[in-house]
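Bear in mind the structure is a predicted one, so any value in this text is a computation, not a measurement.
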Amino acid sequence: MASTVFPGRIDEAGLRVRRETARVVWRRAYELAERAEHPDRLRAALELNRAACHDASTIAHAFALGRTHVREHVSDADARGGLHLLQETIRCLVSDSVANAKSTRARR
């Protein structure tokens with residue numbers, strides 16, 4: 001049976017790609033936290049955002065993967081660091097979108 005594709009929705013193949021991208025983003029956040037004792041959080045957030053192809057739902061999914069990992073491996077400090085990097089990435093995305101919304105309103 002062929003799947004129906006609705007506007008604004010992704011098909012199963014697209015969902016698989018997004019899930020795999022989220023896994024890559026989580027692994028990258030973990031590696032960044034593992035490599036540096038005090039990583040440049042802004043640079044790391046930019047790198048993770050690029051790895052997620054600037055897709056907020058992919059970053060959110062990577063965050064969920066990280067949160068699950070931290071729950072299962074409580075003593076893994078690098079995992080907690082990766083989770084903090086993803087939080088910073090989400091914070092940057094939110095503040096950027098709020099700034100864009102304010103500048104759009106100011107132009108009107």
**Request:** Examine Leu48 and Val24 and state if one hydrophobic cluster contains both, with Ile, Leu, Val, Met, Phe, Trp and Tyr joined whenever side-chain heavy atoms are less than 4.5 Å apart.
**Result:** no
**Prompt:** Which atom names give the shortest non-hydrogen contact between Gly81 and Ala33, and what distance separates them?
**Reply:** C-CB, 3.4 Å
**Prompt:** Where do Ala44 and Leu85 come nearest, in terms of heavy atoms and distance?
**Reply:** CB-CD2, 3.8 Å
**Message:** I need the full list of salt bridge (Lys or Arg N to Asp or Glu O under 4.0 Å) pairs touching residues 50-63, with sequence neighbours left out, sorted by first then second residue.
**Reply:** Arg18-Asp55
**Prompt:** Are Leu86 and Val25 close enough that some pair of their side-chain heavy atoms sits under 4.5 Å apart?
**Reply:** yes
**Asked** When rounded to the nearest 0.5 angstrom, what distance separates CZ in Arg35 from OH in Tyr30?
**Response** 14.0 Å
**Message:** Please report the interatomic distance OG1(Thr21) to CD1(Ile59), rounded to the nearest 0.5 Å.
**Reply:** 11.0 Å
**Request:** Mind running side-chain contact (heavy atoms from CB on, under 4.5 Å) on Cys92 and Leu42 for me, showing each step along the way?
**Result:** CA-CA 8 Å; Cys92 287; Leu42 190 56; 3.8 Å; yes
Per-pair distances, 0.1 Å, donor-acceptor, side chain in residues 61-75, under 3.5 Å, sequence neighbours excluded:
residue	atom	partner	partner atom	Å
Thr68	OG1	Ala64	O	3.0
His69	NE2	Asp76	OD2	3.1
His73	ND1	His69	O	3.1

**Request:** Under the side-chain hydrogen bond (donor to acceptor under 3.5 Å, both in side chains) rule, collect the residues that match up with Arg28, sequence neighbours excluded.
**Result:** Glu31, Glu47
